[in-house]
Amino acid sequence: MLILCSLMACVEPSMKRINELNKRIERSEDRFKDVEKQFDELVRDYARVDSILRNNNTPKKEMLLFSAYLQQFEDVREEMIYDINYSSLQLKNLEDDIKDGRYDDAQREEYLDSEEAVIKMIEARIDYFYSNFNKQKEFVKSVR
């Protein structure tokens, strides 16, 4: 009984951390869906804005940046989806392994730190596109 209690005392902080990481990856998934919606809107806006500027014979250097952000996202979109899904699966597997007592304290911390680093990277990529897509929306408004 004493061994079980001491094991649970070690596992409890890890489980709390996994819950926090799960919440972060869920928020990331929701934000990514918002970024995808923004992307779809901006693709439509790009064609319209490009047409307006061509008809007015007023090309803008901002269109190059606009195009670059759209292409960047298109290039990493599938990878980002994979990373989110894989991270979620890794957290589930880690949770199961911790519950089964497969890791000592140091191993638990190492795996949790690793998963947190991946989630930070996912969050940073999403923030990058979210921020830049919002800037592009402002540019689109200025062309109307």
Side-chain angles (χ1 to χ4, degrees), residues 1-54 59-144:
M1 182 69 173
L2 182 60
I3 294 172
L4 181 61
C5 288
S6 65
L7 177 63
M8 292 309 292
C10 293
V11 169
E12 184 62 30
S14 296
M15 298 313 288
K16 284 183 181 178
R17 193 164 169 203
I18 285 176
N19 287 336
E20 291 170 8
L21 293 173
N22 273 321
K23 287 176 186 174
R24 286 175 60 188
I25 200 68
E26 287 171 11
R27 278 192 306 272
S28 293
E29 188 173 15
D30 290 343
R31 282 199 80 206
F32 181 78
K33 289 175 185 176
D34 288 342
V35 168
E36 282 188 307
K37 287 177 189 174
Q38 286 180 319
F39 172 80
D40 292 340
E41 291 171 11
L42 287 171
V43 167
R44 288 187 298 272
D45 288 340
Y46 180 87
R48 185 182 56 75
V49 168
D50 188 48
S51 176
I52 289 169
L53 294 176
R54 285 181 193 269
K60 298 226 182 227
K61 64 181 180 182
E62 290 91 344
M63 288 302 289
L64 295 173
L65 188 58
F66 193 168
S67 175
Y69 287 132
L70 294 175
Q71 187 60 54
Q72 270 183 335
F73 183 73
E74 187 62 34
D75 290 347
V76 298
R77 184 184 215 167
E78 291 301 316
E79 181 182 326
M80 291 175 72
I81 291 168
Y82 174 84
D83 289 345
I84 290 168
N85 291 334
Y86 187 72
S87 185
S88 184
L89 178 63
Q90 287 292 89
L91 285 171
K92 173 69 176 120
N93 291 339
L94 183 56
E95 180 179 14
D96 291 344
D97 290 347
I98 289 173
K99 285 179 181 176
D100 290 343
R102 293 196 177 149
Y103 305 122
D104 63 29
D105 291 348
Q107 289 172 315
R108 277 195 307 273
E109 287 305 308
E110 179 183 342
Y111 290 134
L112 286 165
D113 289 347
S114 176
E115 289 309 314
E116 184 168 15
V118 169
I119 291 171
K120 282 182 182 179
M121 185 268 311
I122 290 168
E123 291 168 333
R125 286 177 105 180
I126 292 169
D127 289 346
Y128 170 82
F129 286 110
Y130 191 85
S131 173
N132 287 307
F133 284 178
N134 280 330
K135 290 175 189 172
Q136 296 314 304
K137 286 184 345 192
E138 292 301 315
F139 169 66
V140 167
K141 287 179 188 176
S142 75
V143 174
R144 291 183 182 177

Which donor-acceptor pairs under 3.5 Å do side chains of residues 112-129 form with protein atoms, sequence neighbours excluded?
| residue | atom | partner | partner atom | Å |
| --- | --- | --- | --- | --- |
| Asp113 | OD1 | Arg17 | NH1 | 3.1 |
| Asp113 | OD1 | Arg17 | NH2 | 2.5 |
| Glu116 | OE1 | Arg17 | NH2 | 2.8 |
| Glu116 | OE2 | Arg24 | NH1 | 3.2 |
| Glu123 | OE1 | Arg24 | NH2 | 2.7 |
| Glu123 | OE2 | Arg24 | NE | 3.0 |
| Arg125 | NH1 | Glu79 | OE2 | 3.0 |
| Arg125 | NH2 | Glu79 | OE2 | 3.4 |
| Asp127 | OD1 | Arg31 | NH1 | 2.3 |
| Tyr128 | OH | Gln72 | OE1 | 2.7 |
| Tyr128 | OH | Gln72 | NE2 | 3.3 |

| said: Distance check, rounded to the nearest 0.5 Å: Asn85 atom CG versus Glu29 atom CD? | reply: 6.5 Å

| When rounded to the nearest 0.5 angstrom, what is the spacing between CD in Gln136 and OG in Ser131? | 10.0 Å

| Does a side chain donor of either Asn19 or Glu95 reach within less than 3.5 Å of an acceptor in the other side chain? | no

| Pair Lys23-Glu26, salt bridge (Lys or Arg N to Asp or Glu O under 4.0 Å): steps then yes or no | CA-CA 5 Å; Lys23 287 176 186 174; Glu26 287 171 11; over 6 Å; no

| Which residues pass the salt bridge (charged side-chain N to carboxylate O under 4.0 Å, His left out) test with Glu74, sequence neighbours left out? | Arg77

| query | What is the minimum heavy-atom distance between Val143 and Leu53, and which atoms define it? | reply | CG1-CD2, 4.2 Å

| request: Identify which one of Arg102, Gln107, Arg108 satisfies the side-chain hydrogen bond (donor to acceptor under 3.5 Å, both in side chains) criterion when paired with Asp97. | output: Arg102

| task | Enter the distance from Leu21:CG to Lys16:NZ here, rounded to the nearest 0.5 Å. | result | 14.5 Å

| query | For Asp75 and Gln71, does a side-chain donor sit closer than 3.5 Å to a side-chain acceptor? | reply | yes

| query | What's the spacing between Asp45 CG and Asp50 CG if we round to 0.5 Å? | reply | 12.0 Å

| Do Phe66 and Leu42 come close enough that some side-chain heavy atom pair is under 4.5 Å? | yes

| field | Closest approach of Ile98 to Ser14 (non-hydrogen atoms, all atoms of both residues) | value | CD1-CB, 4.1 Å

| message | With heavy-atom distances below 4.5 Å as the criterion, would you say the side chains of Asn22 and Lys92 are in contact? | response | no

| message | Does the plane of the ring in Phe73 sit parallel, tilted or perpendicular to the ring in Phe39? Use 30° and 60° as the thresholds. | response | tilted

| said: If you define the side chain from C-beta out and look only at heavy atoms, does anything of Glu36 sit under 4.5 Å from Ile81? | reply: yes

